[in-house]
2 protein chains.
Amino acid sequence: MTDTATQILDTAQELIQSRGYSAISFQDIAERVGIKKPSIIHHFPSKAALGEAVIKRYRLGFADQIEAIKADPGKTVWEALAFYFSPYLDYAQTPDKVCLCGALAGEIMALPEEMHEEVKRFMESHQRWLEDILREGKENGEFQFDETPPHMARVFFSALQGALLVKRATGDVSQVRDVTDTISKFIGT
Amino acid sequence: MTDTATQILDTAQELIQSRGYSAISFQDIAERVGIKKPSIIHHFPSKAALGEAVIKRYRLGFADQIEAIKADPGKTVWEALAFYFSPYLDYAQTPDKVCLCGALAGEIMALPEEMHEEVKRFMESHQRWLEDILREGKENGEFQFDETPPHMARVFFSALQGALLVKRATGDVSQVRDVTDTISKFIGT
DNA sequence: GTCTATACAAAGATAGAC
DNA sequence: GTCTATCTTTGTATAGAC
């Protein structure tokens with residue numbers, strides 16, 4: 001991966017997280033990277049391919065981190081959960097960013113098929129990860145809740161994604177923190 | 001409101017709910033309504049004005065319904081909540097629709113200011129309504145929960161919006177029902 | 001109220017020089 | 001690997017006839 005390709009991916013990701021995919025163009029990206037439109041094509045053959053590459057990198061970057069936390073015997077389930085919450089809380093501090101896949105979810109029917117598939121993988125893997133952590137915590141007694149881990153995982157993931165979107169739309173920065181605090185209380189004191 | 005204007009609003013709403021705002025055009029709408037592009041301008045002076053009109057109608061239609069439910073002494077808070085859940089569950093049964101404002105939340109920074117403002121009003125009013133219902137239920141003993149009504153309202157609204165978006169992206173229709181069932185259990189048996 | 005015709009800008013993408 | 005130049009399509013919007 002050349003330096004320019006990385007800059008293109010970084011810029012595209014940033015722009016998609018703030019404006020979505022349909023609203024951005026090669027022109028927007030080229031201006032910020034400091035190159036001309038056709039130079040992007042040299043690195044990514046189409047807008048769809050660039051979009052797919054952005055999500056894939058995002059998804060795999062998360063996957064590495066959250067799998068490492070889950071496998072680390074030195075981390076409690078509470079620490080794993082706090083780690084999972086942290087990017088949501090970080091994005092909530094920015095004026096205009098949400099989760100990349102949360103941003104794309106609203107326009108999913110307008111996305112090329114490869115991008116839709118990547119978003120789907122992202123969401124399924126995150127809900128599975130949350131399910132695993134919740135199950136582990138329930139089994140070892142660190143978490144206390146009555147519902148099943150898959151159901152709780154769906155509520156947690158939906159609430160986190162939704163909270164970021166609501167926060168950005170309303171401008172109320174406490175939305176995400178309120179949600180993480182409240183769902184944490186659903187599983188323990 | 002002429003019949004054509006209503007058809008334009010209906011079609012625009014449908015398209016935005018499935019694809020988002022940035023990805024749709026006058027051409028898409030005109031084709032479905034059976035008119036030509038410039039005829040839309042006669043009813044709505046710009047795409048931004050049309051977008052604003054779509055959200056405003058959507059927001060006010062909801063406002064009438066949910067305020068009526070809240071004011072109805074014949075309805076319990078559980079019935080009011082079930083009523084509030086119903087459009088989310090209905091949209092979950094469609095292959096490609098989410099809440100209009102959930103769809104727009106991902107591309108909020110690409111929207112004209114008037115549309116952003118309307119989305120904000122929609123979300124704030126829905127969270128306030130949920131807060132009122134949750135408070136009333138907690139005070140009269142029909143709901144049991146430890147957290148504050150504003151915090152619970154934020155979790156509920158975020159989770160509902162998020163669940164619809166996740167459902168559409170993953171194609172798993174049980175997402176929304178699982179979330180409504182689970183959050184219902186957070187406030188009672 | 002709807003149309004045709006058109007203006008004008010911007011989009012994604014290609015060809016080929018350097 | 002990046003550029004200029006260009007193609008083709010599509011976007012929002014306007015003017016003016018009917």
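Note on naming: letters A, B, ... go to the chains in the order of the sequence lines (proteins, then strands), and numbering restarts at 1 for each one. These values consider heavy atoms only, across backbone and side chains, with no hydrogens, waters or symmetry-generated copies. Being a predicted model, the structure only gives us computed values, none of them experimental.
- Taking A/A82 as the reference, nothing meets the side-chain contact (heavy atoms from CB on, under 4.5 Å) condition, with sequence neighbours excluded.
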Task: Per-nucleotide protein contact string for nucleotides 4-18 of chain D (B base, S sugar-phosphate only, - none; heavy atom under 4.0 Å) - done: BB-----SBSB----

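- Note on B/H42: a side-chain N or O is less than 4.0 Å away from OP1 or OP2 of C/dG1.
- A/R19 and A/D28 are joined by a salt bridge, as a carboxylate oxygen and a charged side-chain nitrogen come within less than 4.0 angstrom of each other.
- A side-chain donor-acceptor contact under 3.5 Å links A/E107 and A/S22.
- DNA chain D lies under 4.0 Å from no heavy atom of any residue of residues 105-118 of chain B.
- For the residue pair B/Q127 and B/E131, no side-chain donor N or O sits within less than 3.5 Å of a side-chain acceptor on the partner.
- Checked against ring-ring contact (aromatic ring centres under 6.0 Å, His included), B/F186 has the following partners two or more places apart in sequence or in another chain: A/F186.
- No side-chain heavy atom of A/K138 sits under 4.5 Å from any side-chain heavy atom of A/V77.
- Residue pairs meeting the ring pair (Phe, Tyr, Trp, His ring centres under 6.0 Å) criterion with at least one partner in residues 35-66 of chain A, sequence neighbours excluded, are A/Y58-A/F62, A/Y58-A/F122, A/F62-A/F122, A/F62-A/H126.
- Looking at heavy atoms from C-beta onward, B/L100 lies out of side-chain contact with B/Y91 at the 4.5 angstrom threshold.
- Residues from residues 2-11 of chain B with heavy atoms under 4.0 angstrom of DNA chain C, sorted by number: B/T2, B/T4.
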